Each structure stands twice: as structure tokens, then as C-alpha cells.
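Report on the structure given below.
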Amino acid sequence: MANKNPLLSWLFGDREEEKAQTPEQQAETPVQLTTPPTEAKADLFRLELSPDHAVNKLWRLWREQAGYQNPPFFRFEDPEGKDGMSASQAKQELARLLLTVNASANQRLGRIQPKKAGKAQEGEDPPPLPDLDAQAVAFVSNDRLTAWVFVYPPVGEGKELDDGMLSKALGEKQIKYGLDEDLLDALPDNPERYFRLFLAARGEAAVHGKDGRIVDLFARSPERKLVVDEYNRVDYAAISFIQNVEEGDVICRIIEPTPGENGKTVLGQELSARDGKAVTVPKGRNTALSDDGAALVATKTGHVEFNGRTFQVKPVMEIDGNVDYSTGHINFLGDVHVHGDVCTGFTVRAMGNITVDGVVEAASVEAGGDLIMVKGAQGDNRAVLRAGHSIFAKYLENCCIYAMEDLHADCVINCDVYCDGLVEVRSGRGTIIGGSVRAAHEVSAGVLGSRSECHTDVVLGGLPCQEFDREVLMREIAELEEKLEKTERQPESPTKFTRMGKLRMQLSLNKNKLEQFDKDLEEQREGQESPGVRRLTCGVAYPGASVTIGPAFYRFHQETRPVVASLVEGEIRII
């Protein structure tokens with residue numbers, strides 16, 4: 001049998017001869033690389049190669065020449081470091097690295113493998129291994145921000161790794177920026193320089209600028225949550241949506257955008273960065289930018305409010321005592337805080353919120369925002385309470401109430417209520433007795449009616465606020481017609497003609513207003529796709545109470561507890 005080169009036979013396989021070896025011969029055979037045991041947790045940043053991979057064949061050949069050497073280890077450095085890659089990025093880069101390793105290793109192995117197996121004749125020496133210099137291979141990440149290098153050892157009498165080989169490998173990939181010069185200078189003398197992955201260059205990623213932002217020092221939407229204590233009481237004095245600000249105080253801080261920082265790839269290519277965008281300053285009435293443009297400040301003392309787009313400062317009128325003859329009627333564009341009572345016959349109007357620490361008597365109080373009555377109202381069937389948002393009160397008695405949003409109270413007695421949202425009478429006594437309560441969606445109370453069978457109506461659905469305005473307008477038209485009729489019966493005089501002209505003009509305006517109002521009301525009703533939740537919830541309902549939901553009507557003829565009334569298939573069902 002021909003005397004074959006043992007390195008080539010072992011490297012490229014001679015299975016028949018291997019099977020015929022004696023135990024003594026097998027002991028002299030180099031140890032085969034086995035698959036490493038399965039780890040408890042896979043290394044997501046390491047390139048795993050099979051035992052028969054070209055790289056492992058090259059490593060076994062090198063081991064026969066140089067003695068024991070550590071097996072190949074291709075792993076991205078510092079995967080969890082500050083500049084490391086994520087697991088998903090590592091998966092993509094490992095797939096690209098495998099292509100580079102496969103191509104370079106197979107090409108190098110092809111230069112070592114004989115042209116024809118069994119070329120040497122019997123009695124002839126086997127062909128010698130070729131002399132190959134060490135070979136450096138560079139690998140560039142997909143984003144061109146990182147470059148690695150790995151080196152194959154020399155074969156036969158080939159040269160060891162030197163600086164020229166590294167420069168050639170980097171030059172072939174055009175890697176010229178961010179080079180780790182210390183690593184590259186020391187690599188030729190590194191005892192573990194072969195079959196390892198070294199981070200050779202790192203570029204600079206483009207850093208996009210941060211957009212400007214607003215840091216609010218005042219709430220844009222003050223919380224409207226009622227806190228009930230252990231005795232089921234609400235402290236209405238603690239409810240305040242007024243955010244006081246002094247002239248010159250900072251309302252919000254303005255963080256300027258930052259410029260972007262351009263980056264550069266390991267190939268020397270520039271990476272453009274985006275500058276941050278400037279934020280829109282929410283500058284409203286009675287506010288101004290500071291000299292350095294870093295803050296929005298109040299130019300007037302008052303109450304801070306956010307209207308959805310801008311901050312604005314509204315003046316706050318403080319009434320230290322009662323609203324009576326000492327103050328007269330109040331008509332203010334901002335917020336009003338009355339520390340005393342609103343006496344009978346007087347009017348308080350404000351474009352913003354109104355807070356009354358005392359009692360509202362038979363007066364008129366109209367707020368464009370919220371209306372807060374710490375003690376409540378005793379209206380003597382003459383008080384009119386209106387709010388563009390919500391109404392909060394300890395108690396309400398003998399009043400006409402108009403709330404565009406919600407109504408919260410401890411008790412409501414003999415009142416006409418019009419509410420476009422929720423009527424909640426749960427805290428304190430939690431009682432609704434007498435009168436009528438019209439709500440668009442829901443009425444929730446502890447007690448509805450009384451044991452004396454006081455007539456108490458609850459009407460759910462529709463547009464109560466608009467219907468209330470229509471009733472007011474109809475009453476004004478009726479009063480004008482009555483005045484016009486009385487004036488016509490008066491004796492002829494210049495004063496009569498002047499007065500009749502004014503009445504006719506006002507009557508005509510009100511009728512036109514009513515016509516337009518009816519048209520708008522009909523459009524709103526048609527625009528409602530669904531009536532939404534319409535429900536009455538109470539702990540107990542006494543006889544004399546009734547509930548109307550849409551076209552359906554139900555009267556309680558006996559004490560019922562608890563009560564959840566809703567409209568089901570055109571009928572009111574009591575659960």
C-alpha cells in the first residue's frame with residue numbers, strides 16, 4: 001500500500017484505512033473535534049460551526065503543526081456593552097459573517113487539498129503540503145459602523161502574521177476610519193491571534209437632535225375628582241380649579257431642540273444627522289416669553305388656564321364678603337371667588353369659574369366654566385344657576401339648575417335640573433326629593449323621592465340644556481307679546497310708538513332666534529348616532545317617583561330597593 005501523508009489522510013478522510021487501524025494506531029491519531037455539549041443558554045452572539053466545517057479542518061491541520069491550540073472562537077465582542085448590538089442585530093450579522101467565513105475558509109482549504117486523490121504511486125513520496133502565509137480577513141457590519149478581523153495561521157513554511165497582512169485585509173474592504181491602532185499593532189504578537197474575531201475599527205453613528213418640548217409647571221386639565229371621606233361626606237370647600245399665578249411667575253419651561261451630530265462609517269463615509277424640531281410655544285393671553293426664550297411667564301396676576309392650544313392668564317376677582325348692595329351685580333371676564341354669600345336679587349356672571357364659599361340665595365349665578373358652591377343654594381324658587389361646565393354644591397333647594405356637563409351634590413330638593421351629562425347625588429344624604437331632574441345620560445342617587453310620596457320626576461335622554469334654553473326663549477317671546485298687547489291698548493302718544501317699535505324689533509329678533517335654534521336643535525338630534533347610556537341608579541325609590549326614558553314612562557307605586565332602570569326593547573326595565 002502506498003505510504004500516504006498522514007496529515008492529508010486525516011484532514012480529508014481515508015475511512016477505509018481508519019477502520020483498519022489497530023488500537024495502538026488509533027491512539028496515535030489526532031483527537032477529532034466533537035460537538036460541544038449543549039449549554040443551558042445559547043450564546044446568541046457567537047458563530048457556531050459544525051465539526052466538519054472548513055474552519056475546523058484548518059484548525060486541526062494547524063494543531064498538528066504547532067501543537068495544542070484553542071479551538072476556533074468567533075464571537076462579537078462586548079455584545080451587552082454600551083455600544084453593543086441587540087440579539088436581533090447579532091442574528092443578522094452572524095448570518096453575514098458565516099458567508100464570509102465559509103468563502104475564505106473553503107478557498108484556503110482548496111489551496112491545501114491535493115488536485116487528485118491518490119496521485120502518488122506505490123513507493124513514491126506523497127505530495128508535500130503547500131507553503132501558505134497567514135491570511136487576515138476583514139468583515140464589515142451591515143451598517144458600516146463596525147469592522148472585525150480574523151486570521152488564518154500559516155501552513156508549512158509560510159510566514160506568520162505581520163502588519164502588512166493586516167493592512168492588506170483592511171485595504172481590500174476600504175476600512176480606514178476608527179481603526180484600533182493599539183489592537184492592530186499588538187495583534188501579530190498575540191499568542192491567540194488565529195481563529196479569533198477581533199474588533200478592528202468602530203465608526204461614529206449619526207446622533208439625531210432631540211425635538212424641543214414643553215415642561216408644564218401648571219396642570220393643563222385640573223383633576224375634577226370628588227373625595228368622599230369615611231362618613232360619606234364631600235368637602236366642597238376643598239374643590240378649587242383656580243391655579244393662582246403672580247405676575248412674572250413661570251408657567252412652563254421651553255426646552256430648545258438640539259442639533260444633530262453627523263457620524264462616519266469605518267469606510268470614511270459621512271452619515272447625516274437630523275436636527276431636532278422646535279416646539280410650538282403655547283403663548284396665550286396675558287403671557288409672554290422670557291428674555292432668554294426658555295420660559296413662558298405671566299404678565300398679569302390671575303388664574304392660569306389651558307384652553308386646548310395655549311396657556312392664558314385670566315384675572316381673578318376676589319369678593320371678600322357678600323355680593324349685596326355693597327358690591328352690586330358682578331359681571332367679570334375672568335374667574336370670580338366670592339368668600340361670602342350671594343344675596344337675594346343679585347347676579348354674578350363670569351366668563352371663567354365661579355366659587356362661592358357661602359350660600360346662594362334667590363339670585364342668579366352664571367359661570368362660563370365650573371360653578372362651585374361650598375355650602376349650597378336656597379333659591380326660594382327664584383334662583384337660577386348656570387354653568388358652561390359642571391356644578392358642585394353641598395345642597396340645592398328650590399332652584400333652577402343648568403349644567404352643560406355634570407352635576408354633583410349631596411342633596412337636591414324641589415329643583416328643576418337640566419344636565420347634559422351625569423347627575424350624581426350620592427355623598428352625604430344622597431337624596432333627590434321633589435321637582436324634576438332631566439339628564440342626557442344618567443342619574444345616580446342614594447334616595448329618590450320620599451316616604452310622603454313627594455312627586456319626583458327623572459327624565460333621561462334628549463338634549464336637556466338646549467331644551468331649557470328653548471323654554472327660556474319661549475317665555476321671553478310670550479312676555480314680549482304680552483307687553484306689546486298691553487302697550488297697544490294705551491293711549492296714543494310718541495312714547496307709545498317708540499316703545500312699540502322697540503318691542504316689535506325685540507320680538508322679531510327673538511322669533512328669528514327661535515327659528516334658528518329649532519333648526520340647530522333638529523340637526524343635533526339627527527347627528528346623534530346613538531343615545532348612549534340612559535340609566536337611573538338609586539339605593540331606594542319611594543312611591544311618587546317616576547322615570548321617563550325616551551318615549552317610555554314608569555311610576556313607582558311601592559318602595560323599591562335597589563333600583564337600576566334602563567330602556568330595554570322600548571320598555572323600562574327595573575333590575
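What you see is a predicted model, and the numbers here were worked out from it, not measured in a lab.
A 6.0 Å sphere centred on CE of M500 holds more than 12 heavy atoms belonging to other residues, nucleotides or ligands. Within 6.0 Å of the NZ atom in K513, the count of heavy atoms belonging to other residues, nucleotides or ligands does not exceed 12.
In terms of the side chain to side chain donor-acceptor pair (under 3.5 Å) criterion, T498 has no residue partners (sequence neighbours excluded). Remark: T280 pairs with no residue by the side chain to side chain contact (heavy atoms under 4.5 Å, CB included) rule, at least two apart or across chains. Taking the side chain to side chain donor-acceptor pair (under 3.5 Å) definition, one finds that S450 meets it with S452, sequence neighbours left out. Listed by chain and residue number, R96 satisfy the side chain to side chain donor-acceptor pair (under 3.5 Å) test with E93 (two or more places apart in sequence, or in another chain). In this structure, the side chain to side chain contact (heavy atoms under 4.5 Å, CB included) partners of K277, at least two apart in sequence or on a different chain, are D211. For R475, the side chain to side chain contact (heavy atoms under 4.5 Å, CB included) test picks out E471, V472, with sequence neighbours left out. Scanning for side chain to side chain donor-acceptor pair (under 3.5 Å) contacts around T347 gives an empty result, with sequence neighbours left out. Residues meeting the salt bridge (Lys or Arg N to Asp or Glu O under 4.0 Å) test with R426, sequence neighbours left out: none. For S326, the side chain to side chain contact (heavy atoms under 4.5 Å, CB included) partners two or more places apart in sequence, or in a different chain, are D324.
Residue pairs satisfying the salt bridge (charged side-chain N to carboxylate O under 4.0 Å, His left out) criterion with at least one member in residues 291-307, sequence neighbours excluded, are listed as follows: E305-K314. A ring pair (Phe, Tyr, Trp, His ring centres under 6.0 Å) check over residues 343-382, counting only residues at least two apart or in different chains, returns the pairs Y325-F346, H329-F346.
Side-chain atoms of T495 and S493 form no donor-acceptor pair, as typed in the model, at a separation below 3.5 Å. For the 3.5 Å distance criterion, the side chains of Q506 and N510 qualify, holding a donor opposite an acceptor.
Between the Q378 side chain and the V359 main chain, no donor and acceptor come within less than 3.5 Å of each other. Of the possible donor and acceptor atoms, none in the side chain of D341 sits under 3.5 Å from a partner among the backbone N and O of V360. In this structure, T301 contributes its side chain and E247 its backbone to a donor-acceptor pair below 3.5 Å.
Classification of E515 and K511 as a salt-bridged pair fails, no side-chain N sitting under 4.0 Å from a carboxylate O. Note on R386 versus D469: salt bridge recorded, some NZ/NE/NH1/NH2 to OD/OE distance being below 4.0 Å. Ion pair K483/E479 not flagged as a salt bridge, since none of the NZ, NE, NH1 or NH2 atoms sits closer than 4.0 Å to an Asp/Glu carboxylate oxygen.
Taking the side chain as every heavy atom from C-beta outward, N322 and E361 never approach each other to under 4.5 Å. Looking at heavy atoms from C-beta onward, L396 lies in side-chain contact with M373 at the 4.5 angstrom threshold. Side-chain contact between L514 and R470 is present, with at least one heavy-atom pair separated by less than 4.5 Å. For the pair C419 and P464, the minimum side-chain heavy-atom distance is 4.5 Å or more. Using a 4.5 Å cut-off on side-chain heavy atoms (C-beta onward), E424 and D406 make no contact.
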Taking distance alone, no hydrogens or angles, what donor-acceptor pairs closer than 3.5 Å link side-chain atoms of residues 556-570 to residues at least two apart or in another chain?
residue : atom : partner : partner atom : Å
E559    : OE2  : R561    : NE           : 3.3
E559    : OE2  : R561    : NH2          : 2.7
T560    : OG1  : Q558    : O            : 3.1

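Cation-pi geometry between R451 and Y542 is not met: the NZ or CZ atom fails to fall both under 6.0 Å from the ring centre and inside 45° of the normal.
Each of T548, T456, D416, D457 was scored for a side chain to side chain donor-acceptor pair (under 3.5 Å) with S436, with one residue passing: D416.
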